[in-house]
Amino acid sequence: MRVTTSFPLGTLRDTPSEAEIISHQLLLKAGYIRRVNSGIYAYMPIMLRVIEKISAIIDRELNSIGCTKLLLPQLHPADLWKKSERWEGYTAGEGIMFNLKDRQGKEFGLAPTHEEVITSIASEIINSYKQLPQCFYQIQTKFRDEIRPRFGLMRSREFIMKDGYSFHSSEKDLASFYEEVGNAYENIFKSCGIDTVGVEADSGAIGGASSKEFMVTADTGEDSILFTQSGSYAANIEKAVSIPSQPIPLKDNISGLIETPQQKTILEICEKNNLDPTQIIKVVVFLAQFEGKLEVPILACIRGDQHINEVKLFNLLNKLYSSNLLNLGKIEDKNIIEENLVDFPIGFIGPDLDNNTIKATSNWDKKWTRIIDHSASNLSSFLSGANKVNWHKFFQEFSFTSKDYIVEDIRNAKKGDRIKDDDNEELKEKKGIEIGHIFQLGQKYSEKLNAKFSDRDGQLKNLWMGCYGIGVTRIAQAAIEQNHDKKGICWPIQISPFEVIIIPTNLKDPIQIELTEQIYKNFLINKIDVLLDDRDERAGVKFKDAELIGIPFQIIIGRDSIKKEVELICRTNNTKFKISSDKLLEKFISESEIMYNKNS
RNA sequence: CGGGGCGUGGCGCAGCUUGGUAGCGCGGGUGCUUUGGGAGCACUAGGUCGCAGGUUCGAAUCCUGUCGCCCCGACCA
């Protein structure tokens with residue numbers, strides 16, 4: 001490609017002010033993307049080459065484990081999503097699916113994911129166990145109406161994703177294929193030249209049994225991951241399970257009420273009354289809104305030094321009730337409290353709060369669903385709210401089980417916690433960017449969409465399904481987050497838009513021009529991804545741009561052309577080779593091989 | 001959704017307090033010089049000052065409304 005005739009660069013002198021994190025700034029400044037709207041970007045030619053490189057790596061690895069590529073529609077009829085009972089959840093409330101009506105008033109959604117479509121198609125083409133297993137994937141734009149798009153391609157409303165869906169005759173076959181995909185993913189990320197860590201994860205709105213996320217560790221990541229140094233355990237903080245520290249026992253001779261005016265936080269209460277947070281049980285009230293207008297008030301209890309994990313709580317409630325949980329939020333709005341509750345001393349709620357606090361006229365479920373975390377369930381003596389404004393109460397020999405409490409893990413694991421009783425290894429925390437996620441869906445979708453096959457015994461059975469995602473555009477940005485310096489991007493060679501850029505320093509010099517053309521043609525013939533910066537610009541301008549866009553190798557053609565000598569420079573470590581032009585190709589090939597091998 | 005900030009040529013910004021009819025740097029174009037690290041000089045093109053009302057003889061500037069963009073966010077029970 002020639003910069004002047006076929007490959008304009010579009011680099012900027014200044015960084016657009018909208019970008020906060022370095023990878024986003026570099027994508028804009030180096031001319032890879034242009035913002036069209038909040039969370040909506042155009043991929044410029046140079047960006048498309050990166051996307052295509054990543055896609056090719058994905059194709060290679062997935063094809064090697066027998067996956068088949070196809071392309072599914074992005075406009076999905078609501079009916080299909082109503083069958084899987086996800087339409088409401090994805091469109092109402094905090095729903096992330098863009099949706100619209102056609103001229104006949106028929107409802108559609110713009111696909112955020114494709115389980116429904118692929119399952120309905122698979123059910124039509126798969127009839128027998130003899131056709132299984134089967135895995136289809138596509139690489140395509142997804143649409144999500146994010147609450148707050150940010151960080152460029154990291155959280156955008158339109159992004160490119162590889163999504164794959166597998167179909168199996170048994171749970172066992174699904175589990176073993178899931179492992180295979182996990183391994184293929186490791187290869188893909190390694191081949192892309194990025195460092196990732198696989199962690200246990202929550203399966204979220206997609207649903208299903210087991211799921212694993214692949215994270216790029218970076219300080220700008222939006223997720224927190226907890227792991228042990230030895231690698232024995234790694235999980236997303238939403239999912240992580242750990243052992244809380246030992247509580248300090250409360251003296252058993254304390255009882256009764258204490259006045260706690262103006263003491264709003266656990267810390268204040270501890271300070272003023274000489275207590276430890278582990279001796280307090282905090283009670284948090286939530287309202288769970290289910291599909292079909294069912295609203296259930298929740299009383300969630302946890303030890304004072306711990307925090308409630310709303311993802312765990314969400315999942316628990318979703319399991320507890322038969323209809324879909326749409327929204328879970330704390331009860332704190334004055335008007336809502338006024339309308340539905342009576343004698344409700346917010347801030348001083350105790351675990352023994354009476355069901356009578358829910359007004360008879362309220363639309364809510366008439367009794368509190370009571371949940372207690374493991375960290376607090378075995379405390380029998382503790383301080384908690386007295387159900388009276390400005391008062392707390394010492395409870396003695398309180399039994400949660402006898403008060404209809406459901407005992408579950410609804411607690412946030414945190415760094416410093418231990419994993420096992422017999423192991424002193426502590427959890428550490430890092431930020432991560434999720435770039436891949438694999439799920440064992442089980443039969444959730446096949447059941448709802450009636451996707452069956454005839455098994456060996458002639459019986460109709462539901463297909464076992466897995467689903468597997470990779471954020472293609474996110475990989476590109478995460479790679480920059482991991483590979484850059486003051487001058488600009490330092491692409492891993494595997495996903496760089498070009499492997500090498502040729503920079504003639506003076507286009508007025510016919511000797512340079514001739515040598516440049518000769519080298520350029522030779523590289524093209526040898527199928528090397530080469531960009532020729534043939535702009536009639538000063539050398540400095542072209543050097544700066546080459547560094548900014550991050551091509552791993554530069555060939556500088558300058559004064560020594562007369563001696564048929566050029567320079568080969570490695571972008572990352574600035575190594576320079578002065579070399580005769582007839583040895584150049586050979587040298588480039590060996591140097592680039594080293595780089596390919598180092599990264600993969 | 002709540003809180004904060006910002007909308008002025010392609011990009012980065014000043015001007016607004018104290019109204020008088022828009023400016024700087026970069027980028028673009030032309031010419032000359034320069035030519036291995038974002039060159040110099042000269043000329044030049046390019047702006048509904050986000051949008052809509054209002055106040056005023058006069059609004060980028062003051063008032064009201066509206067739209068858009070960016071950033072931050074619930075240790076609190």
Side-chain angles (χ1 to χ4, degrees), chain A residues 8-21 24-25 28-31 34-40 93-94 147-152 155 157 220 222 260 263-270 277 280-286 298-310 313 327-333 337 344-351 353 373 376 383-385 387 389 392 411-412 414 486-488 503-509 512 533 535-549 554-561 565-567 569 574 576 578:
Chain A
L9 285 179
T11 54
L12 301 173
R13 195 64 163 264
D14 302 297
T15 304
S17 59
E18 69 198 46
E20 194 70 8
I21 65 174
H24 185 197
Q25 291 175 346
L28 288 166
K29 190 176 180 207
R34 313 247 346 154
R35 193 181 66 81
V36 171
N37 206 282
S38 174
I40 301 174
E94 300 276 271
I147 296 170
R148 180 149 95 87
R150 60 180 132 180
F151 303 146
R155 184 162 298 280
R157 297 194 288 177
T220 51
E222 294 183 277
T260 52
Q263 299 173 20
K264 295 256 173 172
T265 69
I266 299 267
L267 283 176
E268 280 169 341
I269 292 169
C270 290
I280 297 177
I281 284 185
K282 59 182 172 187
V283 181
V284 189
V285 289
F286 291 92
I298 312 291
L299 220 51
C301 302
I302 194 160
R303 212 173 71 193
D305 61 319
Q306 302 293 328
H307 296 291
I308 289 181
N309 179 322
E310 291 191 26
L313 184 61
N327 214 354
L328 177 69
K330 287 177 193 163
I331 299 177
E332 45 198 3
D333 184 287
I337 292 174
F344 186 73
I346 192 156
F348 301 89
I349 307 292
L353 186 73
D373 181 69
L383 181 84
S384 192
N387 296 323
V389 173
H392 278 73
R411 183 181 137 267
N412 252 347
K414 55 184 184 190
K486 303 122 274 162
K487 298 175 190 167
I503 304 172
T505 56
N506 184 1
L507 289 178
K508 303 269 187 310
D509 178 355
Q512 281 193 30
D533 192 350
R535 289 177 297 172
D536 189 10
E537 282 285 355
R538 299 167 64 85
V541 173
K542 295 201 269 193
F543 292 157
K544 291 282 183 206
D545 272 346
E547 283 156 353
L548 179 60
I549 65 177
Q554 300 161 6
I555 292 167
I556 314 295
I557 296 168
R559 291 172 185 134
D560 294 332
S561 300
E565 230 176 54
V566 299
E567 271 180 280
I569 301 179
N574 210 30
K576 291 182 189 172
K578 278 209 164 201

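A, B, ... follow the sequence lines: proteins, then strands. Residue 1 opens every chain.
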Measuring only between side-chain heavy atoms, which start at C-beta, is [X] closer than 4.5 Å to [Y]?
| X | Y | value |
| --- | --- | --- |
| A:R157 | A:I40 | yes |
| A:V283 | A:L353 | no |
| A:T220 | A:F151 | no |

Reading 5' to 3' through [range], protein heavy-atom contacts under 4.0 Å coded B for base, S for sugar-phosphate only, - for none:
| range | result |
| --- | --- |
| nucleotides 43-50 of chain B | -------- |
| nucleotides 28-36 of chain B | ------BBB |
| nucleotides 6-13 of chain B | -----BSS |

By the 4.0 Å heavy-atom rule, please label [X] as base, sugar-phosphate, or nothing.
| X | value |
| --- | --- |
| A:R148 | base |
| A:N37 | sugar-phosphate |
| A:V283 | sugar-phosphate |

So, for [X] and [Y], which heavy atoms are closest and what is the spacing to 0.1 Å?
| X | Y | answer |
| --- | --- | --- |
| A:R35 | A:L28 | N-CD2, 4.4 Å |
| A:I556 | A:V566 | O-CB, 3.5 Å |
| A:N387 | A:P345 | C-CG, 3.2 Å |

Distance, rounded to the nearest Å, where [X] contributes [atom1] and [N] contributes [atom2]:
| X | N | atom1 | atom2 | result |
| --- | --- | --- | --- | --- |
| A:E20 | B:G73 | CD | C1' | 15 Å |
| A:I147 | B:G73 | CD1 | C1' | 12 Å |
| A:L313 | B:A74 | CG | C1' | 16 Å |
| A:R155 | B:C72 | CZ | P | 12 Å |
| A:I308 | B:C76 | CD1 | C1' | 11 Å |
| A:Q554 | B:G37 | CD | C1' | 11 Å |
| A:I280 | B:C76 | CD1 | P | 13 Å |
| A:D545 | B:G27 | CG | P | 12 Å |

Set of residues satisfying side-chain contact (heavy atoms from CB on, under 4.5 Å) with respect to [X], sequence neighbours excluded:
| X | result |
| --- | --- |
| A:K508 | A:N506, A:D536 |
| A:D305 | A:S245, A:P277, A:T278, A:R303 |
| A:D14 | none |

### Query
About how many Å separate NZ of A:K542 and CD of A:Q554, when rounded to the nearest 0.5 Å?
12.5 Å

### Message
So, taking the atom named CD in A:E268 and the one named OG1 in A:T260, what distance separates them when rounded to the nearest 0.5 Å?
### Response
10.5 Å

### Message
Tell me every residue that passes side-chain hydrogen bond (donor to acceptor under 3.5 Å, both in side chains) with A:R535, counting only those two or more places apart in sequence or in another chain.
### Response
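A:R535: side-chain hydrogen bond (donor to acceptor under 3.5 Å, both in side chains) contacts with A:D533, A:D545.
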
### Residues forming a side-chain hydrogen bond (donor to acceptor under 3.5 Å, both in side chains) with A:K578, sequence neighbours excluded
A:D560

What interatomic distance, in whole Å, is found between [atom1] of [M] and the corresponding atom of [N]?
| N | M | atom1 | answer |
| --- | --- | --- | --- |
| B:U34 | B:G23 | C1' | 30 Å |
| B:G46 | B:G9 | C1' | 6 Å |
| B:G12 | B:G50 | P | 15 Å |
| B:G31 | B:C13 | P | 33 Å |
| B:G65 | B:C71 | C1' | 25 Å |
| B:A59 | B:A22 | C1' | 13 Å |
| B:U64 | B:U56 | C1' | 16 Å |
| B:G2 | B:G40 | P | 49 Å |

### Set of ring pair (Phe, Tyr, Trp, His ring centres under 6.0 Å) partners for A:H307, sequence neighbours left out
none

## Note on the structure
Residues at least two apart in sequence or cross-chain that pass ring pair (Phe, Tyr, Trp, His ring centres under 6.0 Å) with A:F348, listed by chain then number, are A:H392

### Query
Which sits closer to the 5' end of RNA chain B, A:G152 or A:H307, going by the nucleotide each is nearest to?
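Per heavy-atom nearest nucleotide, the more 5' residue is A:G152.
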
### Summary
Of A:D305 and A:N574, the one whose closest nucleotide on RNA chain B sits nearer the 5' end is A:N574

### Query
Listed by chain and number, what are the salt bridge (Lys or Arg N to Asp or Glu O under 4.0 Å) partners of A:R155, not counting sequence neighbours?
A:E146, A:E222

#### Entry: Under-3.5 Å donor-acceptor pair between A:K330 side chain and B:C76 base
yes

### Secondary structure string for RNA chain B (Watson-Crick or G-U under 3.5 angstrom, | for other-strand pairs)
((((((((.[[[[.)....(..]]]].((((((.....)))))).....[[[[[..)....]]]]])))))))....

